[in-house]
Amino acid sequence: MNTDHSPNAHLEQWENAKNPVVSMSKEYPAGHHILPHQHQRGQLIYASAGTMRLRTCDEYWLLPPFRGVWMPPYVEHEMTASTSVSLRTLYVNVESFTLSLPNHSVGIGVTPLLRELLIRASYFPITYHPDSFEERLLRLALEETKHAFECGLKLPMGRDKRLKKICDTLMENPGDVRSLADWANEVGATTRTLTRLFRSETGISFIQWREQVRIVSAISGLSTGERVSQVAEELGYASQGAFTVMFKRVTGKSPREYLNDLSRSQIKLSCMEE
């Protein structure tokens, strides 16, 4: 069950820190939900353990332990912890850097080096001295971030209120099997209009969008230990085989291959942290 929370009440000390980049670490229980908010600083959002979901008005992200997101200043976003989460985040005064950072949210494939830098930085005080070891390491973390930008596991979101209703419902219940014609009756639009809206606002078709949201949901479920057959049933597939065919077509791997890769990555990262 989600529990809604406002952003950390003491966030001002990170937002108003004298140093241009500072680190914050937080532990959140499963279901913890941080309501929509924005920062005056850019934020590198990463969880060294656990899986979280991040949402802006335009995108929906799934973030397992080897994925992060760069969030520019003043972009409204909200976060939900799918499992217990160990957040390791940086707050960046982008105006203080000659280093060019994107002005839009972008995924980060967290490399072993970047992970270690973020974990080490989580122990730094926000009042570290200029030209110190702490400052050099944090600058290196940002340099490494620039080399790690990628698409990540994200979904484009629609803004039209009819499209938004469909997207919101499917994110809450990705196993919903209603057709686009059914949805047209539900939201008061023609099938042709919804087809056009999905293409123009998300760049993909309704079927592709629903497959993507199911992939995001499946990865979240599989990474927390659910059986493939259980995930397939929850997502409305008549058989595990049908779900596996869809999963492999979209990701290039079967659910078991994906899980094995995820497990190897987590074991490797765990050993490095120890």
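Under a 4.0 Å N-O distance rule, the pair Asp168/Arg55 qualifies as a salt bridge. Comment: Arg88 engages Glu27 in a salt bridge, judged by a side-chain N to carboxylate O separation of less than 4.0 angstrom.
Annotation: side chain of Tyr28 is in contact with side chain of Ile34 (closest heavy-atom distance under 4.5 Å). Two residues are said to be in side-chain contact when any heavy atoms from C-beta on lie closer than 4.5 Å; Ile166 and Phe206 meet this criterion. Inter-residue side-chain proximity for Ser48 and Arg115 is flagged as met; some heavy-atom pair is nearer than 4.5 Å. In this structure, Leu63 and Met79 have side chains that are not in contact, with every pair of non-hydrogen atoms separated by 4.5 Å or more. Contact of the Gln40 side chain with the Tyr74 side chain is registered, since non-hydrogen atoms from C-beta on lie closer than 4.5 Å. Leu101 places none of its side-chain heavy atoms less than 4.5 Å from the side chain of Pro72. Here the side chains of Tyr46 and Ile108 are not in contact, with every heavy-atom distance at 4.5 Å or above. Side-chain contact between Met24 and Leu11 is present, with at least one heavy-atom pair separated by less than 4.5 Å.
If you chain together hydrophobic residues whose side chains sit under 4.5 Å apart, Ile207 and Trp209 fall into the same group. Leu140 and Leu142 fall within a single hydrophobic cluster, where Ile, Leu, Val, Met, Phe, Trp and Tyr are joined by side-chain heavy atoms under 4.5 Å apart, directly or via other members. Grouping the Ile, Leu, Val, Met, Phe, Trp and Tyr side chains by contacts below 4.5 angstrom, directly or via other members, places Val177 apart from Val213.
Glu211 contributes atom CD, which lies 11.5 Å from atom CG of Leu155 (distance to the nearest 0.5 angstrom). The CE atom of Met52 sits 13.0 Å away from atom NE2 of His33, with the distance rounded to the nearest 0.5 Å. Glu226 CD to Leu222 CG: the interatomic distance, rounded to the nearest 0.5 Å, is 7.5 Å. Taking CG of Asn185 as the start and OG of Ser179 as the end, the distance is 8.5 Å to the nearest 0.5 Å. Taking CD from Gln13 and OG1 from Thr127, the interatomic distance works out to 10.0 Å, rounded to the nearest 0.5 Å. In this structure, CZ in Arg210 is found 9.5 Å from CZ in Phe198, a value given to the nearest 0.5 Å.
With hydrogens and angles ignored, the 3.5 Å screen pairs no side-chain donor or acceptor of Ser96 with any backbone N or O of Pro20. The closest donor-acceptor contact from the side chain of Glu144 to the backbone of Leu113 lies at 3.5 Å or more, if one exists at all. Proximity of a side-chain donor or acceptor of Glu201 to a complementary backbone N or O of Arg159 within less than 3.5 Å is detected. Proximity of a side-chain donor or acceptor of Asn19 to a complementary backbone N or O of Ile126 within less than 3.5 Å is detected. Judged by distance alone, with hydrogens and angles left aside, the side-chain atoms of Gln212 form no donor-acceptor pair with the main-chain N or O of Gln208 at under 3.5 Å. In this structure, the side chain of His32 does not engage the main chain of Thr80 through any donor-acceptor pair within 3.5 Å.
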Would you list the atom pairs, donor with acceptor, under 3.5 Å between side chains in residues 235-242 and any protein atom, with sequence neighbours excluded?
from, atom 1, to, atom 2, distance (Å)
Ser239, OG, Ala242, N, 3.1

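Ring geometry, His39 versus Tyr91: the interplanar angle exceeds 60°, so the pair is classed perpendicular (tilted spans 30 to 60°).
Scanning all heavy atoms of the two residues, the minimum distance from Met157 to Cys167 falls at CE-CB, 3.9 Å. Annotation for Gly109 and Arg67: closest pair CA-NH1, 4.3 Å, computed over non-hydrogen atoms. Smallest separation of non-hydrogen atoms from Trp70 and Pro102: NE1-O, 2.9 Å. Closest heavy-atom contact between Pro255 and Phe247: N-CD2, 3.6 Å. For Leu117 against Ala141, the heavy-atom pair with the smallest separation is CD1-CA, 3.7 Å. Of all non-hydrogen atoms in Gly107 and Trp61, the two that sit nearest each other are N-CH2, 3.3 Å.
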**Q.** Stepwise side-chain contact (heavy atoms from CB on, under 4.5 Å) test for His104 and Asp58
**A.** CA-CA 11 Å; His104 60 279; Asp58 296 315; over 6 Å; no
Q: Might you work through the side-chain contact (heavy atoms from CB on, under 4.5 Å) test for Ser100 and Lys146, ending with a clear yes or no?
A: CA-CA 9 Å; Ser100 176; Lys146 279 201 67 178; 4.3 Å; yes
Q: Determine, stepwise, if the pair His77 / His37 fulfils side-chain contact (heavy atoms from CB on, under 4.5 Å).
A: CA-CA 6 Å; His77 57 283; His37 63 285; 3.3 Å; yes
Q: Kindly determine whether Glu78 and Thr56 satisfy side-chain contact (heavy atoms from CB on, under 4.5 Å), including the steps that lead there.
A: CA-CA 7 Å; Glu78 59 185 298; Thr56 69; over 6 Å; no
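Around CD of Glu135, the count of heavy atoms belonging to other residues, nucleotides or ligands within 6.0 Å exceeds 12. Other residues, nucleotides and ligands contribute at most 12 non-hydrogen atoms within 6.0 Å of the CZ atom of Arg120. Within a 6.0 Å sphere centred on CZ of Arg192, heavy atoms belonging to other residues, nucleotides or ligands number 12 at most.
In summary, of the residues considered (Val92, Val94, Asn93, Leu90), a side chain to side chain contact (heavy atoms under 4.5 Å, CB included) with Arg41 occurs for Asn93 alone. Among Leu163, Asp176, Thr191, the single residue meeting the side chain to side chain contact (heavy atoms under 4.5 Å, CB included) criterion with Trp183 is Asp176.
One side chain, Ser82 or Arg53, offers a donor N or O that lies under 3.5 Å from an acceptor on the other.
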